[in-house]
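We count ligands from 1, going down the list as the structure has it; atoms in each ligand are counted the same way.
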Amino acid sequence: MSIVILTGAGISAESGLGTFRDKDGLWTRYDLEEVATPEGFARNPQLVVDFYNARRANCLAARPNAAHEALARLEAARPGEVVIVTQNVDDLHQRAGSQSVIQMHGALRSALCAACGHRWPAPDVMSLATACPSCGAARARPDVVWFGEIPYHMDEIADRVAACEIFVAIGTSGQVYPAAGLAAEARRAGAHCVELNLEASEISRVFHERRFGPASQVVPAWVETLLG
Ligand code: APR
């Protein structure tokens with residue numbers, strides 16, 4: 001039984017990491033054009049570096065919650081059957097013990113050299129002087145996929161979605177593509193599709209089954225139904 005689990009910011013909300021589009025969400029407090037686009041980075045790199053340093057500090061201070069832990073339990077109980085495809089740039093899935101995690105929007109704790117493409121573990125606090133350990137250029141940026149850029153690992157994700165029997169979306173508003181289109185692809189491929197979210201999302205109609213409530217409650221309960 002292959003299971004693909006798509007997660008969004010809602011799964012980390014109860015770990016203290018704000019979502020993007022809810023009340024007081026990040027995009028209600030920051031202009032995404034300024035802090036999450038290549039153009040914004042070119043215009044004001046210090047503003048962008050500061051924004052991601054603050055998010056990285058929050059991430060480092062956060063702890064996985066019961067939803068992350070339940071998914072790690074599911075993977076341990078079903079070795080090789082479960083893959084998490086996350087839109088999140090935090091590392092709470094990995095810290096909860098999940099092994100098979102695809103970060104399609106990148107990772108806060110990774111740095112990317114804009115000159116040579118080299119990646120390395122990001123220092124907790126990046127600066128404009130942060131130099132690439134490979135080419136030496138001071139052109140480091142957060143290894144995060146910005147608006148207008150292509151998400152990572154899309155071929156592998158497409159293969160996994162086309163082959164899964166169960167597709168689950170957790171804590172995502174279904175407003176950002178290509179992630180928001182994965183449920184429909186899975187359904188077309190014959191998967192049973194489940195939505196676990198605080199409330200209905202933009203893509204709720206795509207799912208066979210919907211369970212609404214805080215992730216820390218609905219995710220462990222859903223995992224229990226599988227592990228029995
Ligand atoms: N439990 C479950 N779901 C929750 C919780 C919670 N405690 N809190 C909020 N949610 C739900 C909201 O109802 C909403 O549907 O999580 C969703 C969060 O939606 P967004 O803020 O839009 O986050 P996400 O869908 O992950 O955004 C997608 O957009 O900004 C870009 O690259 C960024 O990866 C991100 C992408």
Side-chain angles (χ1 to χ4, degrees), residues 4-38 40-41 48 51-52 54-56 58-59 62-71 84-93 96 101-110 112 141-154 157 167-184 193-207 209-223:
V4 170
I5 302 172
L6 174 71
T7 64
I11 198 170
S12 296
E14 294 160 84
S15 294
L17 300 183
T19 65
F20 296 94
R21 295 173 184 81
D22 293 315
K23 199 173 86 29
D24 302 328
L26 275 177
W27 300 148
T28 67
R29 292 182 282 124
Y30 295 89
D31 178 348
L32 67 83
E33 296 292 336
E34 285 187 356
V35 296
T37 63
F41 186 60
V48 174
F51 173 72
Y52 285 98
R55 291 189 62 194
R56 196 174 303 106
N58 289 344
C59 171
R63 294 276 168 278
N65 62 54
H68 300 103
E69 287 155 4
L71 297 183
I84 294 173
V85 174
T86 188
Q87 299 169 84
N88 300 344
V89 292
D90 64 58
D91 61 345
L92 296 182
H93 284 301
V101 181
I102 300 175
Q103 292 199 266
M104 69 184 294
H105 291 164
L108 279 170
R109 299 183 70 179
S110 175
L112 171 66
R141 54 167 278 181
D143 186 12
V144 168
V145 176
W146 287 326
F147 289 93
E149 297 183 322
I150 299 167
Y152 300 155
H153 315 298
M154 286 313 297
I157 293 170
F167 178 93
V168 188
I170 303 173
T172 185
S173 62
Q175 296 185 41
V176 176
Y177 286 77
L182 298 175
C193 297
V194 181
E195 182 176 48
L196 306 177
N197 212 49
L198 195 59
E199 62 211 352
S201 70
E202 296 282 311
I203 52 173
S204 287
R205 69 191 177 286
V206 174
F207 296 89
E209 193 185 331
R210 289 164 280 275
R211 299 178 180 215
F212 297 139
S216 65
Q217 291 167 28
V218 292
V219 176
W222 174 74
V223 167

Find out whether Gln103 and Tyr152 are in side-chain contact, i.e. whether some heavy atom of one side chain is under 4.5 Å from a heavy atom of the other.
no
Of Gly10, Ala180, Gly213, the residue with the heavy atom nearest atom 6 (C) of ligand 1 is Gly10
Should you measure from each heavy atom of Gly171, which atoms of ligand 1 turn up under 4.0 Å away?
3 (N), 16 (O), 17 (C), 18 (C)
Between Lys23 and Glu199, is the salt bridge (Lys or Arg N to Asp or Glu O under 4.0 Å) condition met? List the steps.
CA-CA 13 Å; Lys23 199 173 86 29; Glu199 62 211 352; over 6 Å; no
min-distance protein heavy atom vs atom 15 (O) of ligand 1 -> Asn197 ND2, 3.0 Å
Of all heavy-atom pairs between Ala183 and Phe207, which one has the smallest distance, and what is that distance?
CB-CZ, 3.7 Å
Subset of ligand 1 atoms that lie under 4.0 Å from at least one heavy atom of Ala215:
1 (N), 2 (C), 6 (C)
Is there side-chain contact between Val144 and His105, with heavy atoms separated by less than 4.5 Å?
no
Nearest-option assignment for atom 19 (O) of ligand 1, heavy atoms, candidates Gly18, Ser173, Ser15
Ser173
For atom 27 (O) of ligand 1, grab the closest protein heavy atom and report residue, atom and distance to one decimal in Å.
Arg21 NH1, 3.0 Å
Run the contact test for Pro214 against ligand 1 with a 4.0 Å cut-off on heavy atoms, strictly below, and give the result.
yes
Taking only heavy atoms of Phe147 into account, list the atoms of ligand 1 that are under 4.0 Å away from them.
30 (O), 31 (C)
Note, Leu17 side chain near Leu92 side chain (heavy atom, < 4.5 Å):
yes
Quick one: are Leu182 and Ile157 in side-chain contact, heavy atoms under 4.5 Å?
yes
What residue and atom, counting heavy atoms only, is the protein's closest point to atom 3 (N) of ligand 1, and at what distance?
Leu198 N, 3.2 Å
Do Cys193 and Glu209 have side chains that approach each other closer than 4.5 Å (heavy atoms only, starting at C-beta)?
no
Among all protein heavy atoms in this structure, tell me which lies nearest to atom 13 (O) of ligand 1, with the distance rounded to 0.1 Å.
Glu199 OE2, 2.9 Å
Please report whether ligand 1 has a polar contact with Asn88, defined as an N or O pair separated by less than 3.5 Å (distance criterion only).
no
So Leu71 and Thr7, do their side chains get closer than 4.5 Å, heavy atoms only?
yes
Less than 3.5 Å between some nitrogen or oxygen of Val176 and one of ligand 1, yes or no?
no
the protein heavy atom lying closest to atom 25 (O) of ligand 1 turns out to be Thr172 OG1, 2.7 Å
As an exercise, identify every atom of ligand 1 less than 4.0 angstrom from a heavy atom of Gly8.
26 (O)
Glu202 vs Ser173, test: side chain to side chain donor-acceptor pair (under 3.5 Å). Steps then yes/no.
CA-CA 6 Å; Glu202 296 282 311; Ser173 62; over 6 Å; no
If the cut-off is 4.0 Å to any non-hydrogen atom of Glu14, which atoms of ligand 1 fall inside it?
1 (N), 6 (C), 7 (N)
Name the orientation class of the two ring planes belonging to Trp27 and Phe51 (parallel below 30°, tilted from 30 to 60°, perpendicular beyond 60°).
parallel
Per-residue contact class, Gln87 against ligand 1 - non-hydrogen pairs under 4.0 Å
both
Please report which non-hydrogen protein atom sits nearest to atom 30 (O) of ligand 1, along with the residue it belongs to and the distance in Å to one decimal place.
Trp27 NE1, 2.7 Å
Please examine the side chains of Asp91 and Leu108, heavy atoms only from C-beta on, and report whether any two atoms are closer than 4.5 Å.
no
Answer with yes or no whether Gln175 contacts ligand 1, where contact means a heavy atom under 4.0 Å from a ligand atom.
no
For atom 32 (O) of ligand 1, what's the nearest protein heavy atom and its distance?
His105 ND1, 3.4 Å
Distance-only donor-acceptor check, side chains Asn65 and Ser216, under 3.5 Å:
no
Could you tell me if the side chain of Val219 sits less than 4.5 Å from the side chain of Ile170, heavy atoms only?
yes
Distance to 0.1 Å, residue and atom name: give those for the protein heavy atom nearest to atom 26 (O) of ligand 1.
Ala9 N, 2.8 Å
Is Ser201 close to ligand 1, meaning an N/O of one under 3.5 Å from an N/O of the other?
no
